[in-house]
Amino acid sequence: MSDLAREQNQPVPVLSARDIVKNYGGVRALKGVDFDIYPGTVTTLFGENGAGKSTLMKILSGVERPTDGQLILDGESVTFTSTVDARDRGISIIHQELSLSPNMSVRDNIFMGREIVRAGRVDYAEEARQAAALMAELEEDIDPLTPVGELRVGQQQIVEIARALSVNSRILIMDEPTSALSASEIEVLFKVIHDLTDRGVAIVYISHHLEEALEITDYAVVLRDGAMTAKETRDQIDLPWIVRHMVGDHFDLGSPPEGYTFGETALSVQSLTVPDASATGRAAVDDLSLEVAAGEIVCIYGLMGAGRTELLEALAGGSAIERGRILLDGRDISRDSIAQRIAAGLCLVPEDRQRDGLVQSMTVGRNMSLASISEFVRNLFLSSRDERSIVDDSIRDVHVKTDGPDAMIGSLSGGNQQKVVIGKMMSTHPKVILLDEPSRGIDIGAKAEVFKLLSERAKQGVAVVYSTSEVSECLSIAHRIIVMGRGRIVAEFGPDVSKEQIMAASGESAD
Ligand SMILES: Nc1ncnc2c1ncn2[C@@H]1O[C@H](COP(=O)(O)OP(=O)(O)OP(=O)(O)O)[C@@H](O)[C@H]1O
Ligand SMILES: [Mg+2]
């Protein structure tokens with residue numbers, strides 16, 4: 001920034017991007033973007049799936065090189081040859097997709113590539129101490145020696161955050177850090193963000209939870225189709241402003257489908273008990289009973305740890321049950337394998353698309369046609385003649401932004417990968433579809449598309465069970481809302497319930 005700006009008391013950016021262009025083959029991900037970040041402030045970057053947010057952040061943090069354009073750090077032109085290079089200059093990034101090694105401990109993940117060495121040896125004790133201190137700062141009760149693979153997704157995300165914090169950067173980029181965090185974990189993160197900005201750290205924050213992001217925003221920037229469409233200070237904007245610049249017109253997530261009667265009971269869960277893997281002594285799902293009719297959309301709301309994921313995993317056959325029965329169209333499937341359940345018409349869109357949802361080394365098309373228990377489903381449902389058209393339909397149905405079925409899955413933006421998972425499950429023609437936090441990482445427009453798709457399927461007689469930690473989602477789609485807590489159903493509501501009632505039932509305060 002010029003001396004003039006300084007004299008006029010305008011903030012001076014610590015890092016600026018000028019006219020950044022990024023092409024991936026024929027895809028123009030960024031079309032000449034200017035972007036500034038300032039010390040001690042939070043700049044929030046909004047935009048639809050595939051708008052170019054992660055791409056811009058990868059360029060700022062040395063992961064990717066721009067095709068064209070310039071980076072200016074502390075007033076001087078720089079090029080980053082690698083993430084290590086950028087990190088050495090004080091820039092670190094929390095990636096949208098978790099980049100941890102599941103077999104390594106929390107401690108080793110945090111210090112990987114930056115081991116603390118004393119007298120020629122790695123000082124593991126000191127690393128563990130610092131890792132424990134970071135966990136304490138993030139108010140997460142995790143032993144630093146726990147293998148990361150044993151943690152739930154939200155906790156893995158906390159480790160990812162801890163790793164970025166451990167570097168003491170001047171510039172910290174957070175690409176969807178909260179997508180798998182609970183409300184209380186997000187609160188802690190926001191406290192940490194405030195501490196960091198108080199110390200002068202510049203933060204870039206990306207989230208599809210627009211209201212939540214607004215809470216910490218100082219500057220808001222909106223990207224659309226690889227170009228910047230708006231930039232404002234917090235006091236000048238509100239939620240409709242963001243949505244308008246992201247997607248155009250005014251937006252409504254809709255309401256539960258009406259005008260038809262439900263069919264027979266499609267899914268019946270009887271006294272289901274699932275043991276808790278982390279051995280807290282309490283069952284993850286505790287003697288739970290639930291019936292869902294064909295055509296009905298049931299939302300399961302609950303805080304993190306309420307047992308929603310464990311319930312859905314057990315229904316899909318991904319984990320052992322201790323007691324109880326699961327009936328699909330009246331037939332007991334509790335002893336069936338995952339593949340048999342899919343064949344019978346029950347499928348799950350899992351919470352963790354990285355682990356359970358997608359094969360990163362394959363194309364979009366293969367991922368779509370290979371439902372996770374691959375061969376079986378493929379032989380059963382899709383002849384190769386049909387495969388192509390189903391893939392094309394799925395891409396169109398869920399509006400995946402891609403070059404086509406032959407693009408590699410890794411080349412898709414995070415939200416578009418999530419849409420592939422959803423499209424893939426839809427293509428198995430389920431009678432009952434279970435979705436675990438499916439809107440994680442997808443933009444408000446895509447969310448509306450997914451809701452529409454689910455509503456259409458429900459009208460055709462599919463039973464939908466939708467787990468979410470967002471109350472507004474329940475109200476936009478559910479015929480019935482079930483609140484879970486500690487492995488049990490603690491409340492049940494019709495669609496006319498208020499947001500406050502749902503939150504109160506879950507033991508959460510509405511503010
Ligand atoms: N390695 C790659 N190869 C080819 N295309 C890519 C690659 N990485 C990103 N793209 C494309 O660039 C565009 C921007 O992607 P980007 O990941 O930056 O989006 P995003 O704004 O972060 O979206 P989301 O909200 O879904 O995370 C997309 O069209 C994407 O498919
Ligand atoms: Mg992204």
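Just so you know, ligand 1 is whichever comes first in the structure, and atom 1 is the first atom listed for that ligand.
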* Does Arg107 offer a backbone N or O that forms a donor-acceptor pair with the side chain of Arg163 under 3.5 Å? -> no

* Asked: Pick one: which of Glu212, His209, Gln157 meets side chain to side chain donor-acceptor pair (under 3.5 Å) with Thr178?
  -> Glu212

* Mode of Met408 contact toward ligand 1 - side chain, backbone, both, neither (heavy atoms, under 4.0 Å) -> neither

* Asked: Do you see a donor-acceptor pair shorter than 3.5 Å between the side chains of Asp436 and Ser467?
  -> yes

* Any N or O on Ala51 sitting closer than 3.5 Å to an N or O of ligand 1? -> yes

* To do: Taking both backbone and side-chain atoms into account, decide whether Met57 has an N/O/S atom under 2.8 Å from the Mg ion (ligand 2).
  => no

* Check: Asp175/Ser54 side-chain N/O donor and acceptor closer than 3.5 Å -> yes

* Asked: Should Lys53 be counted as touching ligand 1, given the test is an N or O pair under 3.5 Å?
  -> yes

* Please check if the side chain of Asn49 supplies one atom and the backbone of Asn416 the other of a donor-acceptor pair under 3.5 Å. => no

* At what distance is the nearest protein heavy atom to atom 13 (C) of ligand 1, and which residue and atom is it? -> Gly50 O, 3.7 Å

* Using the ring of each side chain (for Trp, its six-membered ring), is Tyr205 parallel, tilted or perpendicular to Phe190, with breaks at 30° and 60°? -> perpendicular

* Structure fact -> Of all protein heavy atoms, the one nearest atom 12 (O) of ligand 1 is Ala29 CB, 3.3 Å

* **Pairwise distance CD1(Ile482) to CG(Leu311) - rounded to 0.5 angstrom** => 9.0 Å

* Asked: Would you say Asn49 has an N, O or S atom lying under 2.8 Å from the Mg ion (ligand 2)?
  -> no

* To do: Give the residue, atom name and distance (to 0.1 Å) of the protein heavy atom nearest atom 10 (N) of ligand 1.
  => Ser411 O, 3.2 Å

* State whether the shortest distance between N or O atoms of Gly52 and N or O atoms of ligand 1 falls below 3.5 angstrom. => yes

* Among all protein heavy atoms, pick the one closest to atom 27 (O) of ligand 1 and tell me residue, atom and distance. => Gln96 NE2, 2.9 Å

* Does some non-hydrogen atom of Gln417 fall short of 4.0 Å from ligand 1? -> no

* Side-chain donor or acceptor of Lys53 paired with backbone N/O of Leu223 under 3.5 Å -> no

* For Gln70, does the CD atom have more than 12 heavy-atom neighbours from other residues, nucleotides or ligands under 6.0 Å away? -> yes

* Would you say ligand 1 has an N or O under 3.5 Å from any N or O of Lys58? -> no

* Where the closest heavy atom to atom 18 (O) of ligand 1 is concerned, which of Val364, Thr402, Thr55 has it? -> Thr55

* To do: Could you tell me if any non-hydrogen atom of His208 lies under 4.0 Å from any atom of ligand 1?
  => yes

* For atom 2 (C) of ligand 1, what is the nearest protein heavy atom, given as residue, atom name and distance? -> Tyr24 CD2, 3.3 Å

* What distance do Leu134 atom CG and Ile158 atom CD1 have between them, rounded to the nearest 0.5 Å? -> 11.5 Å

